[in-house]
Number of protein chains: 2
Amino acid sequence: MRLCIYTYKCYNTFANLSIVLSGFQRPTDKDTGMKITQRNIAERCGVTTATVSMALRRDARISPVTTERVWAAAQELGYSPAQNQAARRMVMQRFGRKIINRVIALFLPPQFHRLAYYARIYQGIMDVVTEEQFALLITLFHEEMDATFRMPQVFNSGEVDGTIVYMGHHQPVLNDLHDNPGFRERPVCSLVLPLTGCSTVTFDDFHGQYAAVKHLLDLGHRNFLYLSFPRTRDRMEVFGPRLAGIHQALQEYHVPVLHCRVCETPMEWINPHRYSANEEQERRLLEVLQAHREITAILAHNDAMAHRVWVLLTQAGYRVPEDISLVGFDDTDPLPNASGVNQLTSVRLPLEDMGRASARHIIRQVLNGTNEVEHEVLPAELAIRRTTATACIP
Amino acid sequence: MRLCIYTYKCYNTFANLSIVLSGFQRPTDKDTGMKITQRNIAERCGVTTATVSMALRRDARISPVTTERVWAAAQELGYSPAQNQAARRMVMQRFGRKIINRVIALFLPPQFHRLAYYARIYQGIMDVVTEEQFALLITLFHEEMDATFRMPQVFNSGEVDGTIVYMGHHQPVLNDLHDNPGFRERPVCSLVLPLTGCSTVTFDDFHGQYAAVKHLLDLGHRNFLYLSFPRTRDRMEVFGPRLAGIHQALQEYHVPVLHCRVCETPMEWINPHRYSANEEQERRLLEVLQAHREITAILAHNDAMAHRVWVLLTQAGYRVPEDISLVGFDDTDPLPNASGVNQLTSVRLPLEDMGRASARHIIRQVLNGTNEVEHEVLPAELAIRRTTATACIP
DNA sequence: CTGAAAGCGCTTACAG
DNA sequence: CTGAAAGCGCTTACAG
């Protein structure tokens with residue numbers, strides 16, 4: 001034991017030497033010896049590591065004088081607590097406590113950086129994460145990857161403090177996280193499409209869509225075409241509130257719900273990166289408009305879809321908004337005029353705020369050592385521009 | 001000691017029970033007891049943890065029979081080695097060895113996901129990282145952040161295996177990484193703009209630019225305008241090879257170098273997200289063209305700039321390519337015609353390949369436990385489209 | 001207010 | 001081929 005202590009002293013001298021003599025060759029296989037531990041501090045101060053450990057955390061049980069001496073020695077020796085995190089992690093788990101790694105993970109779909117919608121949420125998350133000096137671990141996940149997906153190793157080793165699940169709408173991911181012994185009990189927050197059993201940050205789709213329809217009703221429109229996407233049970237969570245918002249507005253204006261035709265469009269219409277011309281679908285949309293000349297306004301599921309519809313309408317000789325009004329949803333995909341000014345009336349989603357809210361929530365839980373499920377709903381407001389106008393009743 | 005072993009046995013029985021009786025309440029403050037360790041396996045097999053440790057790694061010193069028994073027990077108990085990574089990390093550092101975390105970090109500028117250029121490199125990195133079951137840690141960094149920047153805590157704790165520095169061109173980042181005791185000696189790879197003292201993956205700017213000029217010379221052009229950006233010492237590394245490529249081509253065709261005018265444009269011209277109309281600069285560009293009617297071809301520093309120039313030329317009444325040919329660089333920013341087909345002749349950079357190459361390099365080093373500096377140069381090829389044509393000599 | 005001891009879970013020499 | 005022991009660096013009861 002005594003010998004051992006001498007060994008340490010020897011290393012210390014070594015370390016000092018190699019700082020002074022900058023050309024000095026470090027013993028390459030003994031780089032571990034360069035690492036400063038609480039033991040080095042203890043020796044220099046003539047106390048035990050227990051005292052150092054508590055002093056460094058400014059525990060009240062250690063006298064102020066000793067605490068300062070320990071801190072000074074730590075500074076001098078260049079002690080970095082993060083460096084020996086592994087030991088701390090191990091002893092903490094002995095007492096059933098967790099350490100804070102300042103790492104949060106983000107699950108998101110592979111193509112996230114290609115779509116403004118995802119990119120803006122990502123931006124908000126990253127802003128907060130950087131500000132709070134956390135690191136962000138990106139994990140790509142897509143429903144189709146389900147079979148091959150394996151939770152990255154870091155989740156197992158307890159090195160991730162919390163997770164944000166960015167869309168996905170895929171409950172198994174959450175279960176995997178909760179079943180993972182290295183991650184279990186840590187906070188999770190799902191975005192946009194809520195998962196059950198964790199915190200959520202969502203938009204107020206209902207009031208957003210409600211505001212859009214109310215705006216059209218105020219302009220005299222009474223017959224609508226709502227372009228949705230193929231409904232599956234999964235997606236009803238998105239579809240439901242939107243439709244309810246529409247119904248609510250119609251009801252307030254005593255317009256029968258039948259006056260809103262719901263049209264399912266191909267999924268690719270809402271994702272411009274998957275878009276491939278689908279002539280049959282495009283023809284069908286125009287046929288509906290021809291057959292129902294009473295329709296004077298179109299509500300699209302998102303801006304990308306509104307964009308596509310605008311092109312079709314223009315090619316077919318319709319004028320927007322003179323002949324027909326058009327409203328988007330999400331406000332990510334501008335429809336610029338010649339001077340580059342966005343023309344599309346749309347429901348504006350505070351996407352960056354959503355990212356920020358989720359990151360703040362997770363970081364708060366991590367720093368407090370809590371895991372309280374919270375549900376935050378962010379407002380969706382109508383941005384009125386130039387694709388909506390007074391109804392042109394035939 | 002004996003008591004301790006009994007405690008463990010007790011926990012095990014508990015664990016089995018709670019699997020059978022799914023409604024059974026787990027002791028919440030004893031969740032650590034649920035964790036399976038090599039000790040549990042050792043007890044079940046009647047061997048020591050040393051044997052288990054070696055058997056799990058299929059060390060030849062352990063008999064096949066014992067190895068299989070250990071593996072079977074591990075399976076049964078649901079042992080997960082990653083879970084106790086902290087202990088492994090600690091013992092490994094005792095013997096001066098590293099463990100593989102399957103985590104690599106990526107340093108990149110804050111707005112990376114907004115620019116196709118960055119996004120495509122990112123895509124390539126992510127593809128390989130996901131395929132190799134690594135996790136990616138994103139760290140935003142920008143020269144302007146230098147004062148406030150602090151290396152995230154995870155780098156200190158030895159939980160990051162290697163780093164890719166994505167642009168930045170900022171040597172201090174590399175020094176910070178190398179000075180960090182938790183990261184020291186691990187592989188680093190810088191992209192596009194090489195840092196000294198680490199591996200690099202770059203493009204063959206020289207041959208890319210050379211091919212572009214040769215193409216124009218073949219079309220009969222003899223007087224060029226090369227639109228560059230403000231030259232600082234930092235940026236000479238980009239500027240140098242490009243200019244050398246131009247000179248080489250001119251020389252081969254015996255065209256005096258003076259026939260290539262170099263014009264500096266504002267930095268914002270190469271970054272569409274920072275673009276704001278700069279009428280004076282725009283007028284100056286047109287003035288140059290008016291004053292030098294012998295110029296029949298423009299080489300832009302990147303596609304974004306080419307885009308901007310195309311708009312200016314068109315507005316000023318020039319026809320591209322009939323009156324003037326235009327060549328971009330990077331091939332990220334298409335100039336679509338009415339049918340959506342890109343018209344811009346440009347030097348195509350294999351951006352995804354670059355991301356993939358850097359990720360492969362780092363992952364190879366990590367898995368081999370080596371840190372060999374390598375320099376990879378990827379080809380840049382000319383993509384000939386419709387903004388270049390036979391010179392219209394006045 | 002501080003020290004001596006135990007132990008988190010693992011891997012590696014070193015015995016046998 | 002396997003076991004007993006040591007120790008990575010830390011924190012926490014428990015003494016004094």
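Computed from heavy atoms alone, side chains included, the values below leave out hydrogens, waters and symmetry copies. Since the model is a prediction, treat every value here as computed from it, not as a measurement. In what follows, chains carry the letters A, B, and so on, assigned in the order in which the sequence lines appear, proteins first and then strands, with residues in each chain numbered from 1.
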How close or far is atom P of C:dT11 from atom CD1 of B:Ile41, stated in whole angstroms? 10 Å
What is the separation between atom CE on B:Met54 and atom P on D:dA5, rounded to the nearest whole Å? 18 Å
If you take atom types as modelled and just measure distance, does the side chain of A:Arg39 reach the base of D:dG9 with a donor-acceptor pair under 3.5 Å? no
Please give me the minimum heavy-atom distance between B:Ala357 and B:Val201, naming the atom from each residue. CB-CG1, 4.1 Å
side-chain N/O A:Thr49 vs D:dC10 OP1/OP2, d < 4.0 Å: no
Side-chain N or O of B:Arg88 versus OP1/OP2 of D:dC8: is the shortest distance under 4.0 Å? no
Whether B:Phe107 and B:Phe155 hold their rings parallel, tilted or perpendicular, with breakpoints at 30° and 60°: tilted
Test your reading of the model: is there a side-chain donor-acceptor pair from A:Arg69 to the backbone of A:Cys45, 3.5 Å cut-off? yes
Indicate whether OP1 or OP2 belonging to D:dG3 is found under 4.0 Å from a side-chain N or O atom of B:Thr48. yes
Rounded off to whole Å, could you give me the CD-to-C1' distance for the A:Gln85 and D:dC10 pair? 10 Å
Between C:dA13, D:dC10, D:dT11, which nucleotide gets closest to the side-chain atoms of A:Ser53? D:dT11
So, the side chain of A:Arg57 versus the backbone of A:Ser53: is there a donor-acceptor pair under 3.5 Å, distance only? yes
Integer-rounded Å distance: D:dA13 P and A:Met92 CE: 11 Å
Check every atom of C:dC10, C:dG3, D:dG9 against the side chain of A:Met90 and return the nucleotide holding the closest atom. D:dG9
By nearest atom, which of the nucleotides C:dC10, D:dT12, C:dG3 is closest to the B:Gln38 side chain? C:dC10
Under 3.5 Å, is there a donor on one side chain and an acceptor on the other for B:Thr370 and B:Gln365? yes
Answer for the Watson-Crick or wobble partner of D:dA13, both distances under 3.5 Å, is none
Please list, in numerical order, the residues of residues 57-67 of chain B that have a heavy atom closer than 4.0 Å to any atom of DNA chain D. B:Arg61, B:Ile62, B:Ser63, B:Thr66
Phosphate contact (C:dC8 OP1 or OP2) by A:Arg89 side-chain N/O below 4.0 Å: no
Quick one: does any side-chain atom of A:Arg88 pair with a main-chain N or O of A:Ile99 as donor and acceptor, under 3.5 Å? no
Do A:Asp161 side-chain atoms and A:Ile100 backbone N/O form a donor-acceptor pair below 3.5 Å? no
Minimum heavy-atom separation for A:Arg89 and B:Glu159, please, with both atom names. NH2-OE2, 2.5 Å
Can you tell me the distance, in whole Å, between the CZ atom of B:Phe95 and the P atom of C:dC10? 15 Å
D:dC8 P sits how many Å from A:Ile36 CD1, rounded? 14 Å
Take the protein atom CZ of B:Arg94 and the nucleotide atom P of D:dC10, then report the distance between them rounded to whole Å. 16 Å
Choose from C:dG9, C:dC10, C:dG3 the nucleotide whose nearest atom is closest to any side-chain atom of B:Tyr79. C:dC10
Could you tell me which nucleotide pairs with C:dA4 by Watson-Crick or G-U wobble geometry, both distances under 3.5 Å, or answer none if nothing does? none
Provide, to the nearest angstrom, the distance between the CD atom belonging to B:Gln93 and the P atom belonging to C:dT11. 14 Å
